[in-house]
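Report on the structure given below.
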There are 2 protein chains.
Amino acid sequence: MEKIPTIKDIAKRLKISASTVSRALHGHPSIGLVTTMRVNKVASELNYLPNKAAVSFKQRKTFTIGVILPDFSEAFFASALSGIEDYASKKNYNVFVGQSLESPEKESSILETMTNHRLDGIIISLSKNTKNFEVFEQLRKYKIPVVFFDRIPGIEDIHYSACNLQPGMLQAVDYLIEKGHRNIGLINGPTQLEASKERLDSYKTALDKYGIKINDDLIVSSDLSSIQNQYAMRRLLSLPQKPTAVIAFNDYVARDAMAVVKNNNLIVNHDISFISFANLPIWSFMDSLPLASIEQFPKEQGIKAAEILFELIDSQVEETTSAPVYHRALFDASMVSYRVNSVA
Amino acid sequence: MEKIPTIKDIAKRLKISASTVSRALHGHPSIGLVTTMRVNKVASELNYLPNKAAVSFKQRKTFTIGVILPDFSEAFFASALSGIEDYASKKNYNVFVGQSLESPEKESSILETMTNHRLDGIIISLSKNTKNFEVFEQLRKYKIPVVFFDRIPGIEDIHYSACNLQPGMLQAVDYLIEKGHRNIGLINGPTQLEASKERLDSYKTALDKYGIKINDDLIVSSDLSSIQNQYAMRRLLSLPQKPTAVIAFNDYVARDAMAVVKNNNLIVNHDISFISFANLPIWSFMDSLPLASIEQFPKEQGIKAAEILFELIDSQVEETTSAPVYHRALFDASMVSYRVNSVA
DNA sequence: TTGTATGCGTTATCAC
DNA sequence: GTGATAACGCATACAA
C-alpha cells in the first residue's frame, strides 16, 4: 500500500524541515543550490506531486476558472469553450465547466457550486429563461469576477464579450436589397431573449436605413423548437404579401424554415432567399444553404471573454478603491455569402 | 470590506462551537433540532457557503472528475462532453476539462495537473500521437481511476467505453454490395491510430464475409488534414480500377473526398458512392451527403464512460484485494442511410 | 446533545 | 541558509 508522498516525506528522507523543502521546490533564492538539487532529486524519486487541493485551500486561490454554457454539444458554444480552454491553459489556469441546459435552476446551482469551490472567475452564457440575478450578488460578495458571454443580461455594470449584430445585419439587408428584395421577413427567437431584441433592433435599423417601412406581419417569432420554427415559416407563407427573403434567428431556424419552403414546392434561395445567423459549421460545398450567413465568431468571442476575465483576475490583487471599469468587448458580426446555387 | 463567512463566524454569533455548527449544517442526528435550525438561520443570514476547497483538502476527495479530449469544438467530442457533464452533474460531481489539441505533451501536462488537483477520476480520449503511457502509472499510484473513451490505447488492463465498428461496417458493405458495388475503397486515418486499425480490420472482415478479395490499392490513408484527404481521393481516382464506392474515415474525410469527386466532374453518390463514419451533425435534408453514415453515438458513449468511472469511484472505497475487473463498454456502430439524392 | 482537540498539506512569518 | 510554528476551513474521534 503505497502512500502518497508529501513534502514532509521528502523532508524526513533528507532530515531537513518541511519549509526548506517547500522553498526548494519553488526555487526560492535563499535555499542553497545543493539543498535545492537534493530536494528535487528525492521529489522525483518519490514521484512527488504537489497537492493543489491543499495549495488552493491555503492560498485562497484555485487557479481555476468556471465556464457555464447552455449546451456543450451546440457548435456555437463548443467553439467558444474550446477557445476559452485554450486561452486559460496558456495562462496556466484550469477550467471547470457546467451546462445549464437552459434551466435557470441548474444554472444557479452550478453558480453556487462554483462559488463553493472559490473559483477565481466565471464566464457565463445565460440560459434563455434566466430572470433572477440574486446569485450574481453572491459572486460579488465572494469577489469572484464574472464575464458574460454572448447571452448577456439587460443590466448595466457588467463585463461582457458579445457580438454587435448591426454590421452583419446591415450587410445582409444591403445584399438582399441589391438583389431586388423589398419584402424581407424575420424569424426571430423568443421575445424576452436579449439576442432576439438585438436582432429585431438591427433588422429595423437596417430596413430604416434603406427607407423600407416596417411591416409587423413580416416579423414572427419562435421558441426555437423545430415545430415552432416551421410554424413561423408557414405563417410567413400564408401572408398575402409573402416575403421574398427571410432572415433567420440562427441556422437551426433556417434549416426548419427551408424545409417548409421545400415542402411547399418552392425553391430555396430562388423563390425565397435565406440568410441566417451562423451557428453551425457549414460545409462550404453543400447545396442547400442559406444564401449567406451572419458570422459571430464564437471562438474569438470566447477568447475575448477569457481575456477580460484574466484582466479582472490579475487586477483584482491591487484592489483599488477607484470606480470600477466595466469591460465590454463587442465583435462586429459580418456577413459571409456562399456560392449561389442554381437549383434546377 | 465584507469578510467571507466561515463556520467559525456562525459559531461565534451563536456562542457555540464550530463543530456543532459543522454537524448542524450536515443535519447530523445528534444535534438538537433547535440548534440545527438556529445554525441554518444564521448561515443563510450571513450568506454562508461552505468552502469546498477546504473540504476537498480535508476529505481527500474533490467530488470532481476530469475530462480530457482532443478538441471540444469537434462535434463528436462536444457531444461526448455534453453527455459526461450531464451525467456527472446528476451525481453531484463537478467536471474539470482539458483539451490536448492532439499534443501528447499538452495531454500529459493536463494529466499531471489533474493529478495535482487530486481529482476523483478521469475520462480521456487520447491524442493521435500519444505513445508514452508513463503518466498513467502516476495515476495508478495516486489511485485516480481512468476510463478511456473512444480513442483507447492498445493496452490490456484498462477500462474503456468505445464503439465496435464491425456491425456498422458490415451493414455498410452489405448495403453497397446490394447496390452492385464490388470495388469499394477505404480512405483511412493514420495507420498507428487505433481507430484506423479498427476500421481497416472491420473493412477486411466485411469484404471477406462477402467473398471479395482485398485489393490493397483501394486502401489509402491520410493524416486527416484536408490536403491529405484530397490527395487520398485523387490516388483512388487514378487507379486503373477506380472504386465505385468509398468508405471514409469520418465525415471530414468524406467532405474532402466528395469535393475532389465533384472537381473531377463526377457525380457524388452516382459515379462514386460515399459512406462515412459519422462525426458531424448532419442536416437530413441536405443534398450532398454521403449515402449513409456509420453512427457511433458519442453522447451515449460518453455517458457510458461516465457510468464506468463512477462505478470505479464508488467501489474504490471498499478497496478489495481481489483481482481487478476491467470494465469495457462496446457500442455497436450502426449504419444510418440518408435519402438517396437524384443529382441531375 | 455539545465542546475540545487534532490534523489534512502547504506556505508564510518569524526566529536563529 | 535553514528550522520551528502557526494558520488556512473544515470534519471527526474522543471527552464530557
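Chain A is the first sequence line, chain B the second, and so forth, proteins listed ahead of strands; every chain is numbered from 1.
To the nearest angstrom, P of D:dC10 lies 17 Å from NE2 of B:H28. In this structure, B:I31 atom CD1 and D:dA11 atom P are separated by 13 Å, rounded to whole Å. With rounding to whole Å, B:R38 atom CZ is found 13 Å from C:dT2 atom C1'. Nucleotide D:dG9 holds its P atom 13 Å from the CD1 atom of B:I10, rounded to whole Å. Distance B:L14 CG to C:dG3 P: 10 Å, rounded to the nearest Å. If you take CE of B:M37 and P of C:dT2, they are 13 Å apart, rounded to a whole angstrom. Remark: P of D:dG1 and NZ of A:K15 are 24 Å apart, rounded to the nearest angstrom.
With a 4.5 Å cut-off on side-chain heavy atoms, A:L14 and A:V39 count as touching. Residues B:S17 and B:T20 meet the side-chain proximity criterion, which asks for heavy atoms closer than 4.5 Å.
Geometrically, B:K91 does not engage B:Y87 in a cation-pi contact, judged by NZ or CZ lying under 6.0 Å from the ring centre and within 45° of the ring axis.
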Nucleotide-resolved protein contact map, nucleotides 6-16 of chain C, B/S/- at heavy-atom distance under 4.0 Å: -BBBBBBB---

Working note: B:N129 + B:S127, criterion side chain to side chain donor-acceptor pair (under 3.5 Å); need CA distance, chi angles, decisive distance, verdict. CA-CA 6 Å; B:N129 319 302; B:S127 97; 4.7 Å; no

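Applying the 4.0 Å criterion to OP1 and OP2 of D:dG1, one finds that A:S30 has every side-chain N and O outside that range. B:T35 has a side-chain polar atom (N or O) that falls below the 4.0 Å cut-off from OP1 or OP2 of C:dT2. A close approach under 4.0 Å does occur between a side-chain nitrogen or oxygen of B:S17 and OP1 or OP2 of C:dG3.
Aromatic ring centres of B:H159 and B:F148 lie farther apart than the 6.0 Å criterion allows. Aromatic pair B:Y93/B:F310: ring centres closer than 6.0 Å.
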